[in-house]
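Worksheet: the structure to be examined is printed underneath.
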Amino acid sequence: MNSIPEMESSNSENISFNNIGNSPTAMSASNSSSPSSSTAPSRYENQKRRDWNTFGQYLKNHRPPLSLSRCSGAHVLEFLRYLDQFGKTKVHTPICPFYGHPNPPAPCPCPLRQAWGSLDALIGRLRAAFEENGGKPEANPFGARAVRLYLREVRDLQSKARGVSYEKKKRKRPPQQQIQPLPLPLPLPPPPGAA
């Protein structure tokens with residue numbers, strides 16, 4: 001659990017890690033690895049592996065270096081804030097004239113950030129990867145309350161700033177079939193001659 005593999009670069013879901021560790025070792029590790037089974041891993045599995053390797057590289061580059069066993073929700077928040085510098089989503093400030101407009105008509109100097117959906121998906125993948133790599137669910141820093149609160153705060157802030165609703169879409173439930181009561185049997189006519 002303490003050995004964390006080298007990082008690979010990723011451009012998926014608005015998160016770009018190209019600036020943090022494109023060492024020859026990291027690149028050769030990504031080129032030499034092959035799937036352990038006969039079928040190729042899914043896109044999700046590949047992304048999860050890249051995210052896990054990236055987080056491992058982040059811990060290694062942390063000052064002072066940090067082991068996974070000592071990682072907490074606070075370190076995960078630090079990582080998420082660090083990722084904001086690679087964001088591609090315009091998040092308007094309250095003083096911007098386009099605050100709350102989903103499609104502003106002109107450019108503005110507001111900062112680029114990671115989109116909430118990308119961060120939420122990233123945390124989901126890292127949370128799964130932590131447990132797959134031997135971490136105990138109760139010690140998972142990606143599931144910490146502080147991380148959930150941070151993601152909710154980012155969602156609410158971006159929703160207001162960008163004029164985008166992040167409300168969950170209600171699933172359409174299949175119409176419930178009405179149970180038709182069985183018709184009661186008709187009473188039998190009295191036998192002939194019975195009075």
Side-chain angles (χ1 to χ4, degrees), residues 7-21 42-59 61-62 66 68 71-132 135 137-176:
M7 177 222 112
E8 296 176 23
S9 63
S10 166
N11 287 331
S12 177
E13 294 198 57
N14 292 338
I15 300 177
S16 172
F17 301 115
N18 289 335
N19 299 337
I20 56 170
S42 70
R43 187 172 157 204
Y44 170 81
E45 290 297 325
N46 284 330
Q47 186 64 49
K48 183 169 56 172
R49 180 179 41 81
R50 285 191 299 269
D51 293 339
W52 182 250
N53 291 341
T54 299
F55 186 72
Q57 189 67 35
Y58 178 78
L59 292 179
N61 292 338
H62 192 273
L66 191 62
L68 185 61
C71 180
S72 69
H75 296 110
V76 173
L77 294 179
E78 191 178 287
F79 177 64
L80 294 177
R81 290 183 184 112
Y82 162 77
L83 292 178
D84 263 343
Q85 68 184 311
F86 305 110
K88 296 177 183 144
T89 300
K90 180 77 74 170
V91 179
H92 302 288
T93 61
I95 60 171
C96 177
F98 305 128
Y99 183 80
H101 290 271
N103 299 311
C108 67
C110 293
L112 294 175
R113 301 274 188 242
Q114 290 294 339
W116 165 76
S118 297
L119 293 177
D120 190 48
L122 171 71
I123 289 299
R125 289 189 300 268
L126 288 173
R127 190 173 182 174
F130 178 84
E131 293 175 19
E132 288 172 9
E138 61 275 7
N140 193 330
F142 303 102
R145 184 173 189 270
V147 174
R148 290 194 313 270
L149 291 174
Y150 176 79
L151 288 174
R152 187 179 308 152
E153 183 180 304
V154 168
R155 181 192 66 195
D156 294 345
L157 180 125
Q158 288 189 10
S159 176
K160 290 175 188 163
R162 299 176 57 220
V164 176
S165 174
Y166 289 118
E167 295 301 316
K168 271 190 174 179
K169 293 179 182 170
K170 298 207 178 198
R171 281 191 345 191
K172 290 185 179 178
R173 295 179 186 240
Q176 297 242 345

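Minimum heavy-atom separation, G124 to Y44: O-OH, 4.4 Å. Heavy-atom minimum distance, L59 versus C71: CD2-SG, 4.3 Å. Considering all non-hydrogen atoms of both residues, P107 and F98 come closest at O-CE1, 3.9 Å. The minimum heavy-atom distance between V91 and A161, with the atom names listed, is CG1-CB, 3.8 Å.
For the atom pair R148 CZ and D120 CG, the distance stands at 12.0 Å (nearest 0.5 Å). One finds the CG atom of D84 at 6.5 Å from the CG atom of L119 (value rounded to the nearest 0.5 Å). Residue D156 holds its CG atom at 9.5 Å from CH2 of W116, rounded to the nearest 0.5 Å. The distance from the CZ atom of R81 to the CZ atom of R113 is 11.0 Å, given to the nearest 0.5 Å. Here D51 contributes atom CG and L122 contributes atom CG; the two are 5.0 Å apart, rounded to the nearest 0.5 Å.
The ring of F55 has its center closer than 6.0 angstrom to the ring center of F142.
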Starting from the C-alpha separation in whole Å, work towards a yes-or-no answer on side-chain contact (heavy atoms from CB on, under 4.5 Å) for K90 and C108.
-> CA-CA 9 Å; K90 180 77 74 170; C108 67; 4.0 Å; yes
Could you check T89 against R162 for side-chain contact (heavy atoms from CB on, under 4.5 Å), going step by step and ending with a plain yes or no?
-> CA-CA 9 Å; T89 300; R162 299 176 57 220; 3.4 Å; yes
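T93 places none of its side-chain heavy atoms less than 4.5 Å from the side chain of Y99. Counting only heavy atoms from C-beta outward, the side chains of F79 and L83 approach each other to under 4.5 Å. Contact annotation: the side chain of Q114 never approaches that of L80 to less than 4.5 Å [non-hydrogen atoms, C-beta and beyond].
Counting only N and O atoms by type, the side chains of R49 and N46 include a donor and acceptor under 3.5 Å apart.
A side-chain contact (heavy atoms from CB on, under 4.5 Å) with H92 holds for exactly one of C110, P109, P111; it is C110.
H62 is linked by a ring pair (Phe, Tyr, Trp, His ring centres under 6.0 Å) to H75, counting only residues two or more places apart in sequence or in another chain.
Classification of K48 and E45 as a salt-bridged pair holds, one side-chain N sitting under 4.0 Å from a carboxylate O.
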